[in-house]
Amino acid sequence: MTHPTDLTLADAREALKSKKISAVELTRAHVDAIEKARGLNAYVAETPEQALAMAAASDAKLAKGEAGPLEGIPLGIKDLYATRGVHTQACSHILDNFKPDYESTVTSQLWRDGAVMLGKLNMDEFAMGSSNETSYYGPVASPWLPPNWTEDKARAALKGDKRGLLVPGGSSGGSASAVAARLCLGATASDTGGSIRQPAAFTGTVGIKPTYGRCSRWGMVAFASSLDQAGPIARTVRDCAIMLRSMAGHDPKDTTSVDAPVPDYEKAIGASIRGKKIGIPKEYRIDGMPAEIDRLWQQGIAWLKAAGAEIVEISLPHTKTALPAYYIVAPAEASSNLARYDGVRYGLRVPGRDISDMYEQTRAKGFGKEVRRRIMIGTYVLSAGYYDAYYVRAQKIRTLIKRDFENVYAQGVDAILTPATPSAAFGIGEKGSADPVEMYLNDVFTVTVNMAGLPGIAVPAGYTADGLPLGLQLIGRPFEEESLFSIAEVIEQAAGRVTLPKPWWN
Amino acid sequence: MNTHAKPSKLIKGATGDWEIVVGMEIHAQVSSNSKLFSGASTEFGGDPNAHVSLVDAAMPGMLPVINRECVAQAIRTGLGLKAQINTRSVFDRKNYFYPDLPQGYQISQYKSPIVGEGEVIVDVTATEQITVGVERLHLEQDAGKSLHDQSPTESFVDLNRSGVALMEIVSRPDIRSADEARAYVTKLRTILRYLGTCDGDMEKGSLRADVNVSVRRPGEPLGTRCEIKNVNSIRFIGQAVEVEARRQIGILEDGGKINQETRLFDPGKGETRSMRSKEEAHDYRYFPDPDLLPLEFEQSWVDELASHLPELPDAKKARFMKDYGLASYDAGVLVMERASADYYEKVAKGRDAKAAANWVINELFGRLNKEGKSIETSPVSADQLGGIVDLISEGVISGKIAKDLFEIVWSEGGDPRALVEQRGMKQVTDTGAIEAAVDAIIAANPDKVAQAQAKPTMLGWFVGQVMKQTGGKANPQAVNDVLKSKLGI
């Protein structure tokens, strides 16, 4: 029999319903796997007792036939979701010992539907990063072996500084690594510029960033409020659909959440895509793109065509301005959102001579280098004399990017197919140390989607010559996540299920 | 803006005349049960940090949700200021660090306020009226309070006020004297209280003013202004304007120049002190709050709110003058507080309106002021005062006796008519009784009779004696008539 942790979320759901396994057994299997995989550093807080108690409650519900849609399903939670009484620090030093006495809307909906919490997942500090290397709790290793590495070499590196092991992507690196390493059946993640889709692509998993406003942001530690959106990472398209249904929904506590019914996304799985119009944006064929990425893209086009979709060349002319504009808008909002971490009410406080000194000491020690950099960029672009030149222009660009997509959708395009990332996963310590822009370029295909508030899904579609997973991205119309699930599943079927690495890290 | 300086307003300096120019930013706390963006109570008092929600304390992941009632109050206020209501406005973040500002920013409205231009008509004296332009009104959050006097080494923070809704009402620089400044705030306060949108309680900090003062030679362009922060009484506003204008004139007359800066008024020392210069001013890095969508509502909601507005002081004053024949000044005094106006109208109903106004203004208000009572806690009700006015107009008591009766009702209560009966305060109009008293006095004072016949103004002495003998109850007109005929003058 398949090991319980190797089940898909959908299969585990059936196994629980048919009593082939109990929720406690399923949870116990994950708790054990997590314990053995500590070297990956995917979890920053484990909650085994809580998990087993929740699983026992699920078993009781299952026995009574009162199971919720996620009854007994063990999940990992990204550290930026507020979880009552449990480590919630967005992997920052400045939130030391912060345990909220409230629960985020998204996680409370998961628990309402019967899910079990295994613990809190590592991430880039305040979700600022594309490799999970900015976490105060250290980098996360991908379960994928670096090309030509032996398991022994990788195990040795896990015990050391992890250099050379592969990054899982970021900022939801803990989520992606945990899902790929079978340390949970699915994980919550969040996406401000690509933080769900890029790690999913790097780890051979599926991740969807829904339309802005689809999930409540209440109780999620904010990075950039106008861009942040919750979403799941899981091992199949169907599993993501199941999770998103529980995570989504209107919340009166978040006025940017949208009051629209949540469809049963799972029903979209397997729906025909015949006649769907798929746009291929020429601006995404960037200079220096590896040939294997282009090949993957062409392969994706061929699969969709074969499934009856109509392929059309489209233009999104403002694409190249999206990344620079994003790196103005996001830091601007972040510089203000992170002002509350001042050492006065909670988290870290470094004493000072006076109040200003206390602020300076606390924030200098509490924030990591990348977070400080973005606060400074954000403060700069909002300051008198620079506001019009940077922030206002970036907002104008944002409007133009949105209009690009609207024009294309007005021509009848149902979804847009692009590569998810410009490369496969790179090594820990390999990128961005000299030039942060090198790291920022990871988001080149994903930020446009956040700037326009659209839904986007990353789905595994193939491998590099070295055997590392690669993903394709589908971008949808606002609130048409169902189309994305249907089309992504066609790619998933055509590409064949990813063979995830065996647990060498144990 | 008024560019012609009024000579009566000018200040004499050592080197000639100066004109004061004042503009004000009034922070008025919105009357509402809960805060602008959270459900926490706005109740005054309470233990420190008793009225603080997760949003007010800026816990991680918390989001603001606009309170509809606060928006309605801002719209009502805008309507009361005859101002443009903007059906689309935007909330911005004003960023700065301070321990009593938990978010590290104040949510305010910067470029697109909810209310645009309006005006306030202000009676400065019984005969002088000015119009002060309102530039805008916007909604914003109040900050918490830092407590520096609780410990020798630490400061404490009370967040009860954090997030309470304020309306910032910005005037044009249309004010030309300390008197005008006081009258403007007084009038604005009256309007807010009529509307029920702010209780105007300056002691509790519900109404605070930032006063911008500059001076110039008559006819010249505006001078450099200084902003005096957080002045918290109408009296202090007048003093601050006066003192600051004198300070600036002193500097300019000595050949100096005014630095644009923020100052504090110290009422104890009667001076303003520099708080921070323009160079030290914060860069607030305003930008639209991404947690909040633009505030949009239908004009029909505005119309609906407008249809339920109470009669406002200007309209009420005009009506009092027209319907009750009152003088502008009296009408103005009566409408200062809605409760006073209501009281007056109850007294005036079906009675001599002018007599009613005299009684309310002179006797009642005088007495209330003396005892520091408000109209709401007046020991004499409108019905009781009306009863007294009735007794006078029916000739049952004289005006003098009425004052005694008012005293009794004030201190002991009771129905005025019954009191007059019980205590024998009725006016004597029976000429037989008056004649008897007059006869007795004439008989006893032959010398005075002779004097009076020679000099008729001596009649007053006789009137006094009659009144004394009748315990003040004799009808004065009847006494006069009887005396004149008996003395033959």
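It should be emphasised that the depicted structure is a prediction, and the values quoted were computed from it without experimental measurement. In what follows, chains are A, B, ... by sequence order, proteins preceding strands, each numbered from 1.
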Please classify the contact of A:Arg217 with chain B as side chain, backbone, both or neither, using a heavy-atom distance under 4.5 Å. both

For the residue pair A:Tyr136 / A:Gln89, report whether a side-chain donor-acceptor contact shorter than 3.5 Å exists. no

Name the region of B:Tyr105, side chain, backbone, both or neither, that has any atom closer than 4.5 Å to a heavy atom of chain A. side chain

Do any side-chain atoms of residues 375-383 of chain A form donor-acceptor pairs under 3.5 angstrom with protein atoms, and if so which ones, sequence neighbours left out?
from, atom 1, to, atom 2, distance (Å)
A:Thr379, OG1, A:Ile375, O, 2.7
A:Ser383, OG, A:Tyr380, O, 2.6

Chain B contacts, top residue of A:Ala82, A:Ala224, A:Ser336 (heavy-atom pairs, under 4.5 Å): A:Ser336

Donor-acceptor pair between B:His282 and B:Tyr98 side chains, under 3.5 angstrom: no

Under the 6.0 Å and 45° cation-pi test, does A:Arg84 pair with A:Trp111? no

Measure B:Tyr284 against the heavy atoms of chain A and call it side chain, backbone, both or neither at under 4.5 Å. neither

Under 4.5 Å, counting heavy-atom pairs only, tell me which of B:Leu54, B:Leu292, B:Val157, B:Leu101 racks up the most with chain A. B:Leu54

Report which part of A:Val221 has an atom under 4.5 Å of a heavy atom belonging to chain B: side chain, backbone, both, or neither. both

In terms of side-chain heavy atoms, does A:Ser257 have a donor or acceptor partner in A:Asp251 at a distance below 3.5 Å? no

Pick out which of B:Val115, B:Leu137, B:Thr197, B:Ile114 makes a side-chain contact (heavy atoms from CB on, under 4.5 Å) with B:Ile75. B:Ile114

At a 4.5 Å cut-off on heavy atoms, which part of B:Asp291 comes close to chain A: side chain, backbone, both, or neither? both

Over 12 foreign heavy atoms within 6.0 Å of CG, A:Asp96: yes

With chain B as the partner, which of A:Tyr391, A:Tyr102, A:Phe98 has the greatest number of non-hydrogen pairs under 4.5 Å? A:Tyr102

Given the options B:Pro99, B:Gly104, B:Pro60, which has more heavy-atom pairs under 4.5 Å with chain A than any of the others? B:Pro60

Among A:Asp101, A:Leu80, A:Thr88, A:Asn337, single out the residue with the greatest number of heavy-atom pairs under 4.5 Å to chain B. A:Asn337

